[in-house]
Amino acid sequence: MNILKSKLAQVSSSAIMELIRGRFSIVSRRGYSVGVCSRHVQPLRYHPFSTSSGNGSNEEGTEQKETISVTFVDKDGEEKHINVPVGMSMLEAAHENDIELEGACEGSLACSTCHVIIMDVKYYNKLEDPTDEENDMLDLAFGLTETSRLGCQVIAKPELDGIRLALPSATRNFAVDGYIPKPH
């Protein structure tokens, strides 16, 4: 048993050193890459172990150019229309366009501060069902509705072109009152 503990400690210390050096990344089940140095959670744009032939440069170029139209409606009813690249989360898109969608956990499914309300059921039905983890976080969201989702889990895809997202009038964040987080 002591040998097992010793080996586990060696592996743990090696992993920690790689994390510190920034040479280690984590890929979750949902296809997200967590960059340690940048502290961002980003959807993977391609699978690194693809069996397809070719260098993929044409595919990546078209993927980056394809966008969908998204409208965010704030708590005062003001609308902001933006174009969002396919594959980007609504949380990332909001941060890039100075829309006040908090995202305190940076998209790691550990809070409900990026709660959005899909204003049209037609678009809500085009989304994949929320995972149990997302539903657990949504249970903590302020102003929960039947079409509520977490912005970090709504990923832009062509069939969502024209989606309208309402921002709730408040969030439940356990940070100090008045604190406004800045996206990284």
Side-chain angles (χ1 to χ4, degrees), residues 27-35 38 40-48 50 52 54-109 111-138 141-171 181-184:
V27 177
S28 72
R29 290 180 295 149
R30 294 190 44 86
Y32 286 82
S33 172
V34 181
S38 64
H40 286 22
V41 176
Q42 302 171 344
L44 292 174
R45 300 215 188 275
Y46 61 91
H47 194 282
S50 174
S52 63
N55 62 11
S57 61
N58 291 340
E59 293 172 10
E60 288 181 38
T62 16
E63 185 179 25
Q64 290 178 351
K65 293 179 185 174
E66 188 176 2
T67 63
I68 64 168
S69 175
V70 176
T71 302
F72 283 88
V73 182
D74 71 13
K75 61 185 175 185
D76 299 322
E78 292 184 35
E79 296 184 2
K80 184 163 185 178
H81 304 281
I82 63 172
N83 289 321
V84 179
V86 170
M88 180 181 276
S89 76
M90 295 303 120
L91 175 63
E92 290 174 299
H95 285 180
E96 285 188 6
N97 290 279
D98 297 322
I99 295 170
E100 291 188 26
L101 184 60
E102 189 171 335
C105 74
E106 299 179 351
S108 64
L109 268 176
C111 74
S112 63
T113 59
C114 66
H115 169 220
V116 295
I117 300 164
I118 288 102
M119 297 178 74
D120 188 342
V121 175
K122 172 179 84 172
Y123 287 105
Y124 181 84
N125 291 333
K126 292 180 181 182
L127 296 170
E128 292 180 22
D129 290 337
T131 62
D132 290 341
E133 293 86 357
E134 182 180 359
N135 279 327
D136 289 344
M137 290 298 109
L138 281 169
F142 179 85
L144 189 65
T145 72
E146 289 294 319
T147 59
S148 289
R149 292 298 297 267
L150 296 180
C152 64
Q153 299 302 301
V154 178
I155 308 300
K157 55 186 180 177
E159 52 269 28
L160 296 179
D161 189 37
I163 192 170
R164 294 170 47 83
L165 304 172
L167 304 179
S169 59
T171 63
K182 301 288 182 206
H184 302 319

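A quick note: this is a predicted structure, and the numbers were derived from the prediction, not measured. Values below: every heavy atom of this structure, side chains too, minus hydrogens, waters and symmetry copies.
Considering OG1 of T131 and CD of Q153, their distance stands at 6.0 Å, rounded to 0.5 Å. The CD atom of E78 sits 11.5 Å away from the CG atom of L167 when rounded to the nearest 0.5 Å. Between D120 atom CG and L165 atom CG the span is 11.0 Å, to the nearest 0.5 Å. Atom CD1 in I163 sits 7.5 Å away from atom OH in Y123 (nearest 0.5 Å). With rounding to the nearest 0.5 Å, the separation of CG in L101 from CE in M90 is 10.5 Å. With rounding to the nearest 0.5 angstrom, the OG atom of S108 is 12.0 Å from the CD atom of E133.
For T113 against G103, the heavy-atom pair with the smallest separation is OG1-N, 3.2 Å. The heavy-atom pair separating L144 from L138 by the smallest distance is CD1-O, 3.4 Å. Looking at every heavy atom in both residues, G151 comes nearest to S89 through O-CB, 3.8 Å. Shown here for E66 and P158, the closest heavy-atom pair between the two residues is OE2-CG, 3.3 Å. Minimum interatomic distance between C114 and C152 (heavy atoms only, all atoms of both residues): SG-N, 3.4 Å.
Ionic pairing of E79 and R164 is present here: one or more N-O contacts between side-chain nitrogen and carboxylate oxygen are shorter than 4.0 angstrom.
Judged by distance alone, the side chain of D161 and the main-chain N or O of S69 form a donor-acceptor pair under 3.5 Å. Using modelled atom types, no side-chain atom of S112 and backbone atom of H115 make a donor-acceptor pair closer than 3.5 Å. Checked by atom type and distance alone, the side chain of K157 pairs as donor or acceptor with a backbone atom of K126 at under 3.5 Å.
Between L160 and L127 the shortest side-chain heavy-atom distance falls below 4.5 Å.
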Please test R149 against Y124 for side chain to side chain contact (heavy atoms under 4.5 Å, CB included), starting from the C-alpha separation and ending with a verdict. CA-CA 9 Å; R149 292 298 297 267; Y124 181 84; 3.7 Å; yes
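S148 pairs in a side-chain contact (heavy atoms from CB on, under 4.5 Å) with only one of the listed residues (I117, N135, I118), which is I117.
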